[in-house]
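Okay, structure first, notes after.
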Protein chains: 2
Amino acid sequence: MAEGGAAGGGENLLFLTDEHLRKGIEAMFFAYRGFTADPDRILEGYGYGRAHHRALHFIRLSPETTVNNLLGLLGVTKQSLNRVLRALIEDGLVESKIGPKDKRERHLVLTEAGAALERDLSEAQRGRMRTAYRQAGPDAVAGFRKVLEAMMDPDMRQHYQRLRDGNS
Amino acid sequence: MAEGGAAGGGENLLFLTDEHLRKGIEAMFFAYRGFTADPDRILEGYGYGRAHHRALHFIRLSPETTVNNLLGLLGVTKQSLNRVLRALIEDGLVESKIGPKDKRERHLVLTEAGAALERDLSEAQRGRMRTAYRQAGPDAVAGFRKVLEAMMDPDMRQHYQRLRDGNS
DNA sequence: GATTTTATGTCAGTCTTGTTGACTTTCCAA
DNA sequence: TTGGAAAGTCAACAAGACTGACATAAAATC
């Protein structure tokens, strides 16, 4: 099934050419650079990296989350995450509380300072996103989300959808 | 100018909420992981990383390109790129020819072996892209491209558009 | 109650890929 | 022709990913 049943004119047959796909690949590459550029600049001042941003982001989104849960979202090893969390806890941006039910667990929450930095980072990233969305318009945004969702690994799509539908 | 002039119904007022933007941010994050996953698996077998993939990609796209030109596209320091190129040249995947006009320049081209690996990597990445595009449909793809382009830094957008329009 | 599994943390070592600084070769213009 | 700018290379270092081994405590299971 190389070519699906195209009902219309014929230009739809072209949107899956290797050239067209290549352009999409390059668009992802260049856009992702822009996507991370603004928070990266802020993080530099703190001696933090993208890993710290991601941790702050998901802890804000799911307060009282456990280390294990975060590992699933971030897709890194616990040693890698631990280095980041240790720094954030030592610097007073994240609080790690022993789980009330299961004392093996650590429940993570942002402190005031952590929430403040997370807001700064988020706002920087949202700023660019907002501009892009406004330029492209609602229909384009819907398509954007649709394609991105289809590109995810199934596991990640589950995580994504859970976050999307749950905490709104 | 918090809310732009919305002509239509009212749902358009919602598409720029912080929550909506946050979902877009997470979509980018999770989708980019999928985007790189397939080539990463192939690269592992060769002892290469993403940086090698990017170099091969852009050398294939612009044969006889110079190191300097590549630096602009990749947005890394020349020292960083040099390490990658050295490995690819030593392994016989890339040929570096002294510039015929300006002998300071190195003109880069893929060897047979380099082109073969690049094809493998590209095809893996295109495979996922093709599936996602097919699932989402042409309209969604157009929106996807539109938003990504709006997210790029102006410099990168220039590079992107030059590649897009030039070598087709 | 003893054993196993789970959740987390830590130490040590490696790899990729980014960085800066110092250096060579080549070109070009004053 | 000389001195600076440009292109590229080499060396050393840092961030942040990884693996593997091991420790501890608590929960779950037998």
Side-chain angles (χ1 to χ4, degrees), chain A residues 29 32-33 36-37 39-57 59 64-91 94-109, chain B residues 29 32-33 36-37 39-59 64-91 94-109 121:
Chain A
F29 171 65
Y32 199 78
R33 289 252 296 277
T36 55
D40 280 358
R41 263 188 292 276
I42 296 175
L43 289 159
E44 233 181 313
Y46 290 80
Y48 290 150
R50 257 176 234 177
H52 301 82
H53 181 191
R54 292 196 285 261
L56 292 172
H57 178 100
I59 293 172
E64 304 288 338
T65 189
T66 65
V67 173
N68 232 2
N69 181 40
L70 220 44
L71 285 177
L73 287 170
L74 298 175
V76 295
T77 59
K78 64 175 178 176
Q79 294 89 334
S80 213
L81 175 58
N82 188 256
R83 179 170 0 92
V84 167
L85 284 179
R86 203 189 315 168
L88 293 173
I89 292 166
E90 275 175 16
D91 296 352
V94 168
E95 191 187 354
S96 168
K97 301 185 294 188
I98 292 178
K101 301 260 172 157
D102 187 332
K103 292 178 186 165
R104 292 171 304 178
E105 295 180 344
R106 298 291 179 275
H107 289 216
L108 304 168
V109 286
Chain B
F29 171 65
Y32 199 78
R33 290 251 294 278
T36 54
D40 280 358
R41 263 189 291 276
I42 295 175
L43 289 159
E44 233 180 312
Y46 290 81
Y48 291 150
R50 260 176 231 177
H52 301 82
H53 180 191
R54 293 195 285 260
L56 292 172
H57 177 100
F58 286 112
I59 293 172
E64 303 287 337
T65 189
T66 64
V67 174
N68 227 8
N69 182 39
L70 222 43
L71 284 177
L73 288 170
L74 298 175
V76 295
T77 58
K78 61 180 176 174
Q79 295 87 336
S80 203
L81 175 57
N82 187 255
R83 182 173 349 95
V84 167
L85 286 178
R86 202 188 318 166
L88 293 173
I89 291 166
E90 275 174 15
D91 296 352
V94 168
E95 191 188 354
S96 168
K97 301 186 293 190
I98 292 179
K101 302 259 172 158
D102 188 333
K103 291 179 189 167
R104 293 171 302 180
E105 295 180 344
R106 298 291 179 274
H107 290 219
L108 304 168
V109 286
L121 293 167

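In the text below, chain A, chain B and the rest are named by the order of the sequence lines, each starting its count at 1.
- The interatomic distance linking A:Leu74 (CG) with D:dG16 (C1') rounds to 13 Å, in whole Å.
- Where B:Gln79 and A:Ser80 meet DNA chain D, the nucleotide closest to each residue was compared, and B:Gln79 sits on the side nearer the 5' end.
- Heavy atoms of B:Arg83 sit under 4.0 angstrom from at least one base atom.
- A heavy atom lying under 4.0 Å from DNA chain C marks the following residues of residues 99-108 of chain B, by number: B:Lys101, B:Asp102, B:Lys103, B:Arg104.
- Distance B:Leu81 CG to D:dC10 C1': 14 Å, rounded to the nearest Å.
- Side-chain atoms of B:Arg33 come within 3.5 Å of backbone N or O of A:Leu74 as a donor-acceptor pair.
- With A:Ser80 contributing its side chain and A:Thr77 its backbone, the two residues share no donor-acceptor pair below 3.5 Å.
- Contact detail for A:Leu81 and A:Val67: the closest heavy-atom pair is CD2-O, 3.9 Å.
- Taking only side-chain nitrogens and oxygens, B:Asn82 never comes nearer than 4.0 Å to OP1 or OP2 of D:dG8.
- Using a 4.0 Å heavy-atom cutoff across all strands shown, A:Gly47 reaches no nucleic acid atom at all.
- Atom CG of A:Leu71 is separated from atom C1' of D:dA17 by 13 Å (rounded to the nearest Å).
- Note: CG (A:Leu88) to P (D:dG16) measures 11 Å, nearest angstrom.
- With values rounded to the nearest 0.5 angstrom, A:Ser96 atom OG is found 11.5 Å from A:Leu88 atom CG.
- In summary, the side chains of A:Arg106 and A:Thr66 do not present any donor paired with an acceptor at a separation below 3.5 Å, with no hydrogens or angles considered.
- Rounded to a whole Å, the NE2 atom of A:His53 is 18 Å from the C1' atom of D:dA15.
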- From CA spacing to verdict: side-chain contact (heavy atoms from CB on, under 4.5 Å), B:Glu95, B:Lys97: CA-CA 6 Å; B:Glu95 191 188 354; B:Lys97 301 186 293 190; 3.7 Å; yes

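- Residue A:Ile59 holds its CD1 atom at 11.0 Å from CD of A:Glu64, rounded to the nearest 0.5 Å.
- The CG-P distance, from B:Asp40 to D:dC18, rounds to 11 Å in whole Å.
- The footprint of chain B on DNA chain C, defined by a heavy-atom cutoff below 4.0 Å, extends from C:dT16 to C:dC27.
- The nearest heavy atom of DNA chain C to B:His52 and to A:Ile89 marks one nucleotide each, and the one closer to the 5' end goes with A:Ile89.
- Ring planes of B:Tyr32 and A:Tyr32: parallel class, angle under 30° (limits at 30 and 60°).
- In this structure, the CD1 atom of B:Ile98 is 16 Å from the P atom of D:dA7, given to the nearest Å.
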- Stepwise side-chain hydrogen bond (donor to acceptor under 3.5 Å, both in side chains) test for A:Tyr48 and A:Asp91: CA-CA 11 Å; A:Tyr48 290 150; A:Asp91 296 352; 2.3 Å; yes

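- Applying the 4.0 Å criterion to OP1 and OP2 of D:dC18, one finds that A:Thr77 has a side-chain N or O inside that range.
- Atoms NZ (B:Lys78) and C1' (D:dA5) sit 11 Å apart, rounded to a whole Å.
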